[in-house]
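Keep in mind that the numbers below use all heavy atoms, side chains included, and drop hydrogens, waters and symmetry copies.
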Amino acid sequence: MSGSNTLGGTIKLEGEKAYRESITKINSSLKVMASEINKVTAEFSKNDKSTAALTAQSKILSSQVEVQKGKVATLRGALEESSQKYGENDKKTNTWRTSLNRAEAELAKMENSLKDVNSQMEKSKTPLSKLNTELSSQGEKLRSLQTQYKNVVLEQGKNSTEARNLASQIKSLNSDIKDNKDKLNAAEKATAQLGDEMDSTKASTSKLSEGFTVMKGVIANLAADAVRILGRNLVSAVKSIASSGIEFESAFAGVKKTVDATDEEFEQFEASLRSMSTQMPTTASELSAIAEAAGQLGIKNENLISFTETMANLGVATNMSSDEAATALARLANITGMN
């Protein structure tokens, strides 16, 4: 901005007109961001607490907070200039002071909202998703440190104090990343072993399934087990699909075959699946396969994303096959009106 500078959280401009023009532009930006928050709330509707919804809200709120901070700094500058030019108790000065007080109050509300959303995001994460997020963050930090190290080595040499400090940080971070990867590999190995155990007990599956379908007195158990079972089997099935090299576009085409939706809804589904894949150790292709199965079961469009997220997070051991679990969930859908 021409003729402006920032000192201690205060933006200095040239004249009252410049301040008013700056505040007008900032208010316009804030108005757009508020509409984006409303759009996210409307798009996710009943799923406004899902990982994808919370991620979208957090991103917009973070931007809102930064813009609002700029507004507060600009108003401080305007107040200081007015005080010097007209005096502390002048009507114009008091008008700027009132605007500043309101802006600071609004900033506090935004920061609390952002803190709330981020807290909900943290609580909604499973241990696996937390580990996946930590690994992603560590990877970004490692790349940044490596870039810094290269620049320092070129400028000061690898034996310089700064280069040695960066090398030490890189070594320590690599060790932490290895520890986390070892944890993830151990979990994947345990999951694979559990899959082998499930195959070895396939003969007993049909009897257990029949028991669930004929006992009217255990409908509640059927409902709970069917959801957990289908989640386990769907995740297992899509892991196989992903390992075959099917890319997201191809996988998402399956969703379009089983789900009756508008182009706008499909765009929303795609964005939600991609966003969800960054919050958990499940790829967008795998999530698409779960969504495709949900379409086959007749899950309503408004429940599709929350259903997919729930299935991806479930990893409870079961003896029922995928077909039997799907049938059980279909019965559950009829009972609960979920479809």
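Between the side chain of Thr147 and the backbone N or O of Arg143, at least one donor-acceptor pair lies under 3.5 Å. No side-chain donor-acceptor contact under 3.5 Å links Thr93 to the backbone of Asn89. Proximity of a side-chain donor or acceptor of Asn180 to a complementary backbone N or O of Glu134 within less than 3.5 Å is not detected.
For the pair Lys150 and Glu155, the salt-bridge criterion is not met [side-chain N within less than 4.0 Å of a carboxylate O]. Taking a cutoff of 4.0 Å between a charged side-chain nitrogen and a carboxylate oxygen, Glu36 and Lys39 do not qualify as a salt bridge.
Using a 4.5 Å cut-off on side-chain heavy atoms (C-beta onward), Asp182 and Lys178 make contact. By the 4.5 Å heavy-atom criterion applied to side chains, Leu75 and Ser99 are counted as neighbours. Glu106 is listed as a side-chain neighbour of Gln68, based on a closest heavy-atom distance under 4.5 Å.
Using a 3.5 Å distance cut-off with no hydrogens or angles, the side chains of Asp176 and Gln138 do not pair a donor with an acceptor.
Leu100 and Tyr86 fall into different hydrophobic clusters, defined by Ile, Leu, Val, Met, Phe, Trp and Tyr side-chain heavy atoms under 4.5 Å apart, directly or through other members.
Residues passing the side-chain contact (heavy atoms from CB on, under 4.5 Å) test with Lys59: none are found, sequence neighbours excluded.
With values rounded to the nearest 0.5 angstrom, Glu88 atom CD is found 9.0 Å from Ser82 atom OG. Once rounded to the nearest 0.5 Å, the distance linking CG of Leu273 with CD of Glu286 reads 12.0 Å. Distance check: Glu265 CD to Ser272 OG gives 11.5 Å after rounding to the nearest 0.5 Å. For the atom pair CD (Gln84) and CG (Leu79), the distance works out to 10.0 Å, reported to the nearest 0.5 Å. The distance from atom OG of Ser58 to atom NZ of Lys115, rounded to the nearest 0.5 Å, is 14.0 Å. Atom OG1 of Thr24 sits about 14.5 Å away from atom OH of Tyr19, to the nearest 0.5 Å.
Within a 6.0 Å sphere centred on CG of Asn38, heavy atoms belonging to other residues, nucleotides or ligands number more than 12.
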